[in-house]
Amino acid sequence: MSKPKLLVLGTQTERMAGKLEKDFDVLSTAGSDQESMIAQHGSEIEYVLSRFHGDLRRVDLERMPNLKVISNYGVGYDSIDTTAAVELGIIVTHTPDVLNDEVSNTAIMLLLACARNLVHDENYLRARRWPKDGSPPLSTSVSHKVVGLVGFGRIGQTIAEKLRVFGTDIVYHARSEKDVPYRYYKDLTQMAADADFLIVITPGGPSTRHLIDNRVMEALGPKGCLINISRGSVVDENALISALQTGRLGKAGLDVFENEPHVPDALMEMDNVVLLPHVGSATVETRQAMGDLTVENLIAFYRTGKTVTPVPECRNM
Ligand code: 8YV
């Protein structure tokens, strides 16, 4: 029996390739473009693996009429049109939970780096200013401060649990109130006004686009600090730049940007920001676990007709 065709969008690791080649005839976009690959093989493709990839829109999905499963490497799947996928009977899977620890650690790392001026102070030392100019200006404590979580899913809850040891007061904004020992805010702007730090950890996509707008940033204020570890689209980046430049917002720690991998020059020039190249989950251990789960979803469906971690929209398919 011939193996089903699997289109890999982006790159796969050797470990992923080793596991996949037993069951699948793998077509890779490495060295060729997605358009021509789909034009040439569209009707033969039954499985897609998407890793570090751009959008999969309805038109892309319609050109693969025998597609059964899209396995997304990552918990966020805003790059995939899931409404179209569900209508076309395509199951979308993702990699929840295995990255909760890493992404929450990155959020806390950014929080501390911003509060304690880590990058500024390290640059100060490297510029040999310590002997000349003395100690740098004092930084800010996170202890006894209010940290507002925007989004309270699995990663948000992990951040909250870990932050407890820092003695912070944790509050959250989400679509609905949860049974947790933290104060809930239905009104995001009100939460921003009451918080010292905001950590954005809500899914991306149209429903959260520019959720963090000028009003929210002004409410957070000149002493406030915004951490974004979710998707660049959730924060209005132009409004953020202007708020930081004029001092209406104090600081920002960003792992994600609106037009990745491009980061606005204006942000690069500021020393009240800490910038990371979307590395929230990027450790050897966590990326391996994500790769394993991405592959497992494909193999499980091929062998049993069931995926392991479908996205919520596809759970009843
Ligand atoms: C990955 C992520 O960098 O899981 C996510 O949603 O943003 C990150 O863990 C990304 O998925 C890589 O494509």
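Counting convention: from 1, in listed order, for ligands and their atoms alike.
- Under a 3.5 Å cut-off, the side chain of Asp187 and the backbone N or O of Gln190 do form a donor-acceptor pair.
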Please produce the table of protein N or O atoms sitting under 3.5 Å from N or O atoms belonging to ligand 1, one pair a line, distance to 0.1 Å.
from     : atom 1 : to     : atom 2 : distance (Å)
ligand 1 : 3 (O)  : His278 : NE2    : 3.4
ligand 1 : 3 (O)  : Arg287 : NH2    : 2.9
ligand 1 : 4 (O)  : Val75  : N      : 2.7
ligand 1 : 6 (O)  : Val75  : N      : 3.4
ligand 1 : 6 (O)  : Gly76  : N      : 2.8
ligand 1 : 6 (O)  : Arg231 : NH2    : 2.8
ligand 1 : 7 (O)  : Arg231 : NH1    : 2.8
ligand 1 : 7 (O)  : Arg231 : NH2    : 3.3
ligand 1 : 7 (O)  : His278 : NE2    : 2.7
ligand 1 : 9 (O)  : Ser281 : OG     : 2.6
ligand 1 : 11 (O) : Tyr73  : O      : 3.1

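- Side-chain contact annotation: Ser230 with Asn228, donor-acceptor N/O pair under 3.5 Å present.
- In this structure Asp55 satisfies the side-chain contact (heavy atoms from CB on, under 4.5 Å) test together with Arg57, Ser79, sequence neighbours excluded.
- Although no hydrogens or angles enter the test, the distance criterion places a donor-acceptor pair under 3.5 Å between the side chain of His173 and the main chain of Lys186.
- Pairs of residues two or more places apart, or lying in two chains, that qualify as salt bridge (charged side-chain N to carboxylate O under 4.0 Å, His left out) and include a residue from residues 240-268 are Glu218-Arg248.
- Annotation: side-chain hydrogen bond (donor to acceptor under 3.5 Å, both in side chains) contacts of Glu122 (sequence neighbours excluded): Arg126.
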